[in-house]
Amino acid sequence: MSRSFPPVSLIGAPTDIGAGHRGARMGPDALRIAGLGEALAARGIDVIDRGDLSGPDNPWLPPTDGYRHLDEVVAWNRALMDAVGAELRAGRLPIVLGGDHCLGVGSITAVARHCRDTGKKLRVLWLDAHADFNTSDVTPSGNVHGMPVACLCGLGPDALVRLGGSAPAMRPDEIRQIGIRSVDPEEKRLVKDYGLDIYDMRYIDEVGMKRAMEEALEDLDDDTHLHVSFDVDFLDPSIAPGVGTTVPGGPNYREAQLVMEMIADTGRMGSLDIVELNPALDNHNGTAELAVDLVESLFGKSTLMRD
Ligand SMILES: NC(=[NH2+])NCCC[C@H](N)C(=O)O
Ligand SMILES: [Mn+2]
Ligand SMILES: [Mn+2]
């Protein structure tokens with residue numbers, strides 16, 4: 001089942017501006033060192049590395065009005081939104097090398113706008129241990145990497161909610177979350193109010209990853225743009241220690257491979273974010289290497305029996 005992919009552009013966003021631990025800013029280089037570009041090129045994909053975006057430094061201040069570093073978060077996301085939008089308009093598939101998950105706001109705002117402009121349907125697949133649906137009122141940390149999904153759905157500071165001009169960037173029914181196992185108490189209420197479609201680990205334990213993914217990928221059309229937001233802490237920490245906010249009880253290696261292979265089989269992936277990789281907490285770049293291995297599967301690498 002070999003499939004052809006559009007040309008790919010790598011966009012580095014070296015920042016930990018929305019995170020609580022230092023180090024995610026080194027994610028882009030760790031992914032490059034683990035051979036991401038070469039691995040995709042070896043699959044016959046046209047790959048250009050656009051290098052790294054630049055943005056403000058992380059001042060590591062405590063929260064003000066419920067947010068840490070909101071202005072800096074906005075600046076990074078604006079730069080990323082522009083870069084992702086330019087690649088999509090050029091007919092290329094952007095891969096964002098994060099950076100922490102606050103970057104989901106800029107990336108997905110650009111993707112959603114592109115879908116509106118081209119008459120495509122949007123489906124976001126959010127692979128994560130966390131729902132990332134906090135607001136300034138309920139966040140336990142003030143870290144904006146715990147808020148991007150809420151911002152995209154219209155809940156959050158104006159500067160992020162209206163990053164792309166109109167709001168909300170996305171409707172709650174356009175996203176499916178897989179692998180969730182850590183939701184803060186007040187965040188739970190918000191997630192229920194907004195009706196988010198969450199395939200949490202309890203559900204995956206009960207029905208299995210295959211069925212959960214079949215449901216999450218249900219009714220994709222030929223004109224659906226599938227955006228994959230891959231927070232590396234989605235994976236069980238025993239195989240992926242190099243992240244700032246580990247939560248035990250995540251998908252194992254085989255389950256994660258199946259997720260990627262099933263996404264590849266849809267043939268609909270049009271953009272990808274790889275976020276929250278923290279090389280300062282990693283073991284010999286092993287988590288970056290695992291991420292590259294999984295991304296190869298996302299781009300159609302399969303076992304001998306199915307190629
Ligand atoms: N993208 C992430 N790793 N998010 C972790 C969020 C953790 C916690 N729920 C918070 O809001 O602070
Ligand atoms: Mn996340
Ligand atoms: Mn997470």
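Counting starts at 1 for both ligands and their atoms, in listed order.
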With heavy atoms only and a cut-off of under 4.0 Å, state how [X] meets ligand 1: side chain, backbone, both or neither.
| X | result |
| --- | --- |
| Asp100 | neither |
| Val243 | neither |
| Val275 | neither |
| Met147 | neither |
| His145 | both |

In the protein, which heavy atom is nearest to [atom], and how far is it?
| atom | result |
| --- | --- |
| atom 7 (C) of ligand 1 | His130 CD2, 4.0 Å |
| atom 9 (N) of ligand 1 | Asp184 OD2, 2.7 Å |
| atom 11 (O) of ligand 1 | Asn134 ND2, 2.9 Å |

Exercise. With no hydrogens and no angle check, do the side chains of His145 and Asp16 hold a donor and an acceptor under 3.5 Å apart?
Worked result: no
Against heavy atoms of [X], which atoms of ligand 1 measure under 4.0 Å?
| X | value |
| --- | --- |
| His101 | 1 (N) |
| Asp231 | 1 (N), 2 (C), 3 (N) |
| Asp233 | 3 (N) |
| Gly146 | 6 (C), 11 (O) |

Answer yes or no: is there an ion pair linking [X] with [Y], defined by an N-O contact shorter than 4.0 Å?
| X | Y | result |
| --- | --- | --- |
| Arg202 | Asp205 | no |
| Arg211 | Glu214 | no |
| Asp200 | Arg181 | no |
| Glu261 | Lys301 | no |
| Asp219 | Arg123 | yes |

Exercise. How would you list all residue pairs meeting side-chain hydrogen bond (donor to acceptor under 3.5 Å, both in side chains) that involve residues 229-240, not counting sequence neighbours?
Worked result: His101-Ser229, His101-Asp231, His130-Asp233, Asp233-Thr245, Asp236-Ser238
Problem set entry | Within residues 148-166 or reaching into it, pairs that qualify as side-chain hydrogen bond (donor to acceptor under 3.5 Å, both in side chains) - sequence neighbours excluded | none
Answer yes or no: does an N/O atom from [X] fall short of 3.5 Å to an N/O atom of ligand 1?
| X | result |
| --- | --- |
| Ser141 | yes |
| Asp132 | yes |
| Thr139 | no |

Exercise. Listing by chain and number, what protein N/O/S atoms are under 2.8 Å from the Mn ion (ligand 3)?
Worked result: Asp128 OD1, His130 ND1, Asp231 OD2, Asp233 OD1, Asp233 OD2
Seminar exercise, completed: Across all chains, not counting sequence neighbours, the side chain to side chain donor-acceptor pair (under 3.5 Å) partners of Arg92 are Ser9
Exercise. With no hydrogens and no angle check, is any side-chain donor or acceptor of Ser107 less than 3.5 Å from a backbone partner on Gly104?
Worked result: no
Exercise. If you measure from CD on Glu276 to OG1 on Thr246, what distance do you get to the nearest 0.5 Å?
Worked result: 11.5 Å
Problem set entry | Test log, rule salt bridge (Lys or Arg N to Asp or Glu O under 4.0 Å), inputs Asp52 and Arg32 | CA-CA 11 Å; Asp52 286 342; Arg32 292 186 180 103; 2.9 Å; yes
For this session: Quickly, which of His227, Met213, Gln177 forms a side-chain contact (heavy atoms from CB on, under 4.5 Å) with Leu125? Name it, please.
Result: Met213
